[in-house]
> 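One structure is given below, represented as structure tokens, and several questions about it will come after.
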Amino acid sequence: MRRAIALSIESAVTQRGGPFGAVIVKDGAIIGEGVNCVTAWNDPTAHAEVVAIRAACKQVSSFDLSGAKIYTSCEPCPMCHAAIYWARLGAIYYANTTGDAAAIEFDDARITHELGAPPESRAISMTQLLRDEAQIAFVAWTKQPNKIQY
């Protein structure tokens, strides 16, 4: 956790993207770390946790980080929380809370609320189009004998 906090402080001081840091550990060793690089990379998905997941996956040459744990300087936002589940991390340890982040104007409460709302009542409109055509890819996927499930 201290490494994640140190990364967050370094990121805040150097203004690389935001005051957040994350470290992924497996079998007692750091396999990935990251800081918030949203503004540095012009990438809204470059949160510290996502950057750390990408680094860890590259390090172990796998999208599956089962058995690993993430230490993050702040409670994960909805996007990062979902990425942690997709990566199959086994535990999340965090320091600051989402309330602490909101107090410095990193507030994800609106996103959390939106994701819980029915699609038709969300602020960003959602419209389904061409489902029948899109199903062709799903049918083709189910027929692939060597597909890699994730």
Side-chain angles (χ1 to χ4, degrees), residues 1-131 134-135 137-138 141 147-150:
M1 181 59 79
R2 286 190 178 94
R3 178 64 181 151
I5 293 169
L7 288 167
S8 73
I9 294 167
E10 178 186 330
S11 185
V13 170
T14 61
Q15 297 183 13
R16 289 171 56 189
F20 304 96
V23 174
I24 297 176
V25 175
K26 186 169 185 178
D27 300 325
I30 293 174
I31 60 169
E33 59 182 40
V35 297
N36 182 293
C37 295
V38 169
T39 57
W41 297 354
N42 293 316
D43 179 352
T45 69
H47 289 199
E49 297 90 338
V50 173
V51 172
I53 288 169
R54 290 173 181 162
C57 288
K58 186 175 183 177
Q59 175 69 27
V60 300
S61 300
S62 177
F63 58 84
D64 186 342
L65 298 177
S66 294
K69 301 170 185 167
I70 189 164
Y71 295 83
T72 180
S73 66
C74 189
E75 187 175 358
C77 75
M79 176 185 68
C80 293
H81 212 131
I84 289 164
Y85 275 88
W86 278 111
R88 296 181 178 91
L89 290 164
I92 302 168
Y93 299 95
Y94 64 94
N96 290 312
T97 68
T98 55
D100 296 330
I104 62 164
E105 300 183 4
F106 287 92
D107 191 358
D108 60 24
R110 176 183 59 87
I111 297 168
T112 300
H113 173 76
E114 285 285 310
L115 293 175
E120 64 275 3
S121 66
R122 294 180 185 163
I124 298 175
S125 68
M126 292 182 64
T127 305
Q128 185 178 27
L129 298 172
L130 305 175
R131 180 176 180 265
Q135 284 288 304
F138 283 12
W141 172 257
K147 63 183 166 272
I148 299 171
Q149 289 293 129
Y150 66 95

> Drop me the distance from M79's CE to I84's CD1, to the nearest 0.5 angstrom.
10.0 Å
> Measuring from I31:CD1 to C57:SG, what's the distance to the nearest 0.5 Å?
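Between I31 CD1 and C57 SG, I get 7.5 Å after rounding to 0.5 Å.
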> Which distance, rounded to the nearest 0.5 Å, do you find between the CG of N36 and the CH2 of W41?
9.5 Å
> Give a yes or no answer on whether the side chain of R88 reaches the backbone of L65 with a donor-acceptor pair at less than 3.5 Å.
no
> Restricting to non-hydrogen atoms, name the atom on A123 and the atom on E114 that form the minimum distance, rounded to 0.1 Å.
N-OE1, 2.7 Å
> For K26 and S66, indicate whether the former's side chain and the latter's backbone hold a donor-acceptor pair under 3.5 Å.
yes
> Looking only at heavy atoms, which two atoms of I148 and W141 are closest? And how far apart?
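Smallest interatomic distance, heavy atoms only, reads O-CH2, 3.7 Å.
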> Please check if atom OH in Y94 has more than 12 non-hydrogen atoms from other residues, nucleotides or ligands closer than 6.0 Å.
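No, the 6.0 Å shell around OH holds no more than 12 heavy atoms from other groups.
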> Show the nearest heavy-atom pair for residues T97 and E75, with the distance to one decimal.
CA-OE1, 3.6 Å
> Distance only, no hydrogens: is a donor on one side chain within 3.5 Å (strictly under) of an acceptor on the other, for T45 and R54?
yes
> Is a side-chain donor or acceptor of T112 paired with a backbone partner of D108 at a separation under 3.5 angstrom?
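Between the backbone of D108 and the side chain of T112 there is a qualifying donor-acceptor contact (under 3.5 Å).
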> Might you point out which heavy atoms bring A4 and V23 nearest each other, and give the distance in Å?
N-CG2, 3.7 Å
> Taking the side chain as every heavy atom from C-beta outward, state whether L89 and K69 have any pair of such atoms under 4.5 Å apart.
no
> Could you grab the distance from atom CZ of F63 to atom OH of Y150, nearest 0.5 Å is fine?
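Answer rounded to 0.5 Å: 8.5 Å.
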> Distance-only, no hydrogens or angles: does the T14 side chain make a donor-acceptor pair with backbone N or O of E10 under 3.5 Å?
yes
> Distance check, rounded to the nearest 0.5 Å: I53 atom CD1 versus K58 atom NZ?
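Output value for this atom pair is 16.0 Å.
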> What do you reckon, is CD of Q149 surrounded by more than 12 foreign heavy atoms closer than 6.0 Å?
yes
> Any donor and acceptor pair, going by atom type alone, linking the side chain of E33 with main-chain N or O of A22 inside 3.5 Å?
no
> Between I92 and P76, which heavy-atom pair has the shortest distance, and what is it?
CG2-CG, 4.0 Å
> Once you round to the nearest 0.5 Å, how far does CZ of F20 lie from SG of C80?
9.5 Å
> For the backbone of E49 and the side chain of T72, can you confirm whether one donor and one acceptor N or O come within less than 3.5 Å of each other?
no
> Could you pull out the closest heavy-atom pair between A56 and I24, with the gap in Å?
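Nearest pair, atom of A56 first, then I24: CB-CD1, 3.9 Å.
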> Would the distance check show the side chain of S8 and the main-chain N or O of I5 forming a donor-acceptor pair, the cut-off being under 3.5 Å?
yes
> Quick one: does P19's side chain get under 4.5 Å of F106's, heavy atoms only?
yes
